[in-house]
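Reviewing the structure listed below.
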Amino acid sequence: MSVRVRYAPSPTGSPHVGNIRDALFKFLFAKHHNGTNIVRIEDTDRTRYIPGSEQDIFNSLRWLGIEWQEGMEVGGPFGPYRQSERKELGIYDKHIQVLLDSGYAYWAFDTTEELTEMREFQQVNKQPIGYFGGMWRDASSDAVEKAKQAGKPGVIRLKVPRNEEIVIQDVIRGRIAWDSNNVDDPVLIKADGMPTYHFASMVDDHLMEITHIIRGEEWISSAPKHACLFDAFGWSRPIFVHCPVIKGKDGSKLSKRHGDTKCLDFRSAGFLPEAMVNFISLIGWAPGGDKELMSMDELVEAFDLDGLQPSPGVFDMEKLTWMNGHYIRQKDISVLTKDVLHYVKSDDTYDYWNNQDNAARADELKRMRESFEKDAPYVDETILLEQERVQTLAEFGSACEFFLVEIPNMDQKAVDKWFTKPHVPQLLNGLLEKVNSTSEMDKDACESWVRNYAAENGIEKMGMVVHPIRVALTGKTVGPGLFELMSVLGTERMKVRLQNALQNFVTVSN
RNA sequence: GGUCCGGUCGUCUAGCGGUUAGGAUGCCGCCCUUUCACGGCGGAGGUCGCGGGUUCGAAUCCCGUCCGGACUACCA
């Protein structure tokens, strides 16, 4: 039997990295086994529906290269793939009737107040909290009819068997058992007629012939309910795989207060999909050796359930950042420049940095976007020179800034350190003279001029000539190799910068 | 409170009864070098949560204990 797995998110917001990591696992597993990955939308809670989140879900998946062969947007033989549509088709009504008829489900008419009161009672009496039958589990059909006649809103609950042991086999953790007396009767159909997750998801998993339920660890405690449901229908249970959660630095489940958690935020922050995929695949899973830098194809090749880990992992931004730097460096320059262009053109980028209260970064990136419009080949060259010096796409903004402005911002400490040396005015004037008389200087020409100058003036330490020129041209003490940088800048820009340095910053005259 | 899951350097992890407990990241140092970065080399960092067993031998198996986490909705 071929593998069929499903990614079944709720459209309640832009997906979280933990959720997307699970989606990645499912995709890798399906693809590794030549199976089918299905995307189904679980929108049974109308109150939590957020418009636009379906698109965020698809965008997150596509950004990372997670494919699906069946489901939303691509169709398939088991559609529709949106639960609200399946509800309209009567799929859940039909199935709940089966359970009602066979006695595995029952109507319950408790009010919200009654349920709250019940829980408070259980709380103070240190009892397990939950609905274990109340007055409705074994109510007579007359009582149920009467409540219906009276127009009382009711729900349908699953009649979990009592005095039994409920056992599931989890692929990662092995046997997990519950005393059924501790498993409460979950609501299957809500008062508004919509199915709950417990019901809709399991019915659909069966109908869609899902072989493996791969989901987060937070579902373990409802697994016995799901197992009972399958048993009640007489259906064979799929294989359960509960993946460990992803935690934040403080050890609790990753959430908003840990910073970025939405998958698409990472795109806006300047991370590459290759890095993101590689990094999140390694939280809770390992191929079983020392290898950790892997492409999507390699992950597909290496992925299997036995590499899954039971213990939760912490999302380590520093390691993600390192990995992103690795992928930036590894990238072909023609591809990289397109990525950067795309990044600085995207509105999401600016929304993101403005939300981060980092207007300066937004400005740098905006300048880069404008520069692309004016002189793309020039910007491409600056990207090449900064490629090995940045770790995210966003960092190109500040790394390339000095190239793109008319006059760079002069770092006062750099000026104080280097422009006070007595040989500097002559040096900068000499270079100015050179660029005035030359229209083009390639890297070698720049290098030989600098070296000759040093030799002719008896300067032994290259730093003594290199650093002042660097400060004059870039305003900084750090950056790409001087000769590369000079040749990319070109004589015109060098002229303007040298004049500015000599007029406004060089304090010692000769 | 209850149920369940988990516990190897700060972090991600390898390990499946015999290893000086390996790799990666981060940190530190050296080398390369005009700076930064990249790269190369090296270092610090783990009595494998703790306590008992089983065994000639345990991170690996068993029991207990502690700590952490998830769930505990007519949310998923």
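Bear in mind that the values here come from a model prediction, so they are computed numbers and not experimental data. Letters A, B, ... are given to chains in the order of the sequence lines, protein chains preceding strands, and every chain is numbered from 1.
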Non-hydrogen side-chain atoms of [X] and [Y] separated by less than 4.5 Å:
X	Y	answer
A:V39	A:F58	yes
A:M294	A:P287	yes
A:T382	A:F396	no

Give one of base, sugar-phosphate or nothing for [X], where a contact means two heavy atoms less than 4.0 Å apart.
X	value
A:E218	sugar-phosphate
A:N125	nothing
A:T44	sugar-phosphate
A:L282	sugar-phosphate

Spacing of the [atom1] atoms in [M] and [N] (rounded, Å):
N	M	atom1	result
B:G52	B:G15	P	28 Å
B:C12	B:A73	P	30 Å
B:C32	B:C16	P	41 Å
B:C66	B:G51	C1'	10 Å
B:G29	B:U20	C1'	23 Å
B:G6	B:C61	P	12 Å
B:C63	B:U13	C1'	28 Å

In Watson-Crick or G-U wobble terms, both distances under 3.5 Å, what is the partner of [N]?
N	value
B:G39	B:C31
B:A70	B:U3
B:U54	none
B:A14	none
B:U60	none

With a 4.0 Å cutoff (strictly under), does any side-chain N or O of [X] reach OP1 or OP2 of [N]?
X	N	result
A:S311	B:G69	no
A:W178	B:U3	no
A:K291	B:U13	no
A:K190	B:A76	yes
A:R329	B:G39	yes

Report the nucleotide, chosen from [options], that has the shortest atom-to-atom distance to any side-chain atom of [X].
X	options	answer
A:R173	B:A76, B:U34, B:C5	B:C5
A:A286	B:C74, B:A76, B:A14	B:A14
A:Q309	B:C71, B:C36, B:A14	B:A14
A:I283	B:G2, B:U34, B:C12	B:C12

Passing candidate, side-chain hydrogen bond (donor to acceptor under 3.5 Å, both in side chains) with A:D185, options A:W136, A:Y106, A:Y131: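 Going through A:W136, A:Y106, A:Y131 one by one, the side-chain hydrogen bond (donor to acceptor under 3.5 Å, both in side chains) with A:D185 is satisfied by A:Y106 alone.
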
Interatomic distance where CG belongs to A:D316 and C1' belongs to B:C9 [whole Å]: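 Taking CG of A:D316 and C1' of B:C9, I get 14 Å after rounding.
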
Spacing of A:Y453 atom OH relative to B:U34 atom P, expressed in whole Å: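 Computing the A:Y453:OH to B:U34:P distance gives 19 Å.
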
Centroid separation A:F25 to A:F303 less than 6.0 Å: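 Ring-ring flag for A:F25/A:F303: true, centres closer than 6.0 Å.
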
Partners meeting side-chain contact (heavy atoms from CB on, under 4.5 Å) with A:R82 (sequence neighbours left out):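 If we apply the side-chain contact (heavy atoms from CB on, under 4.5 Å) test to A:R82, skipping adjacent residues, the hits are A:I41, A:D43, A:E54, A:M72, A:S84, A:E85.
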
Donor/acceptor link under 3.5 angstrom from A:R119 side chain onto base of B:U72: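 Not at all, since no donor on one side and acceptor on the other fall under 3.5 Å apart.
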
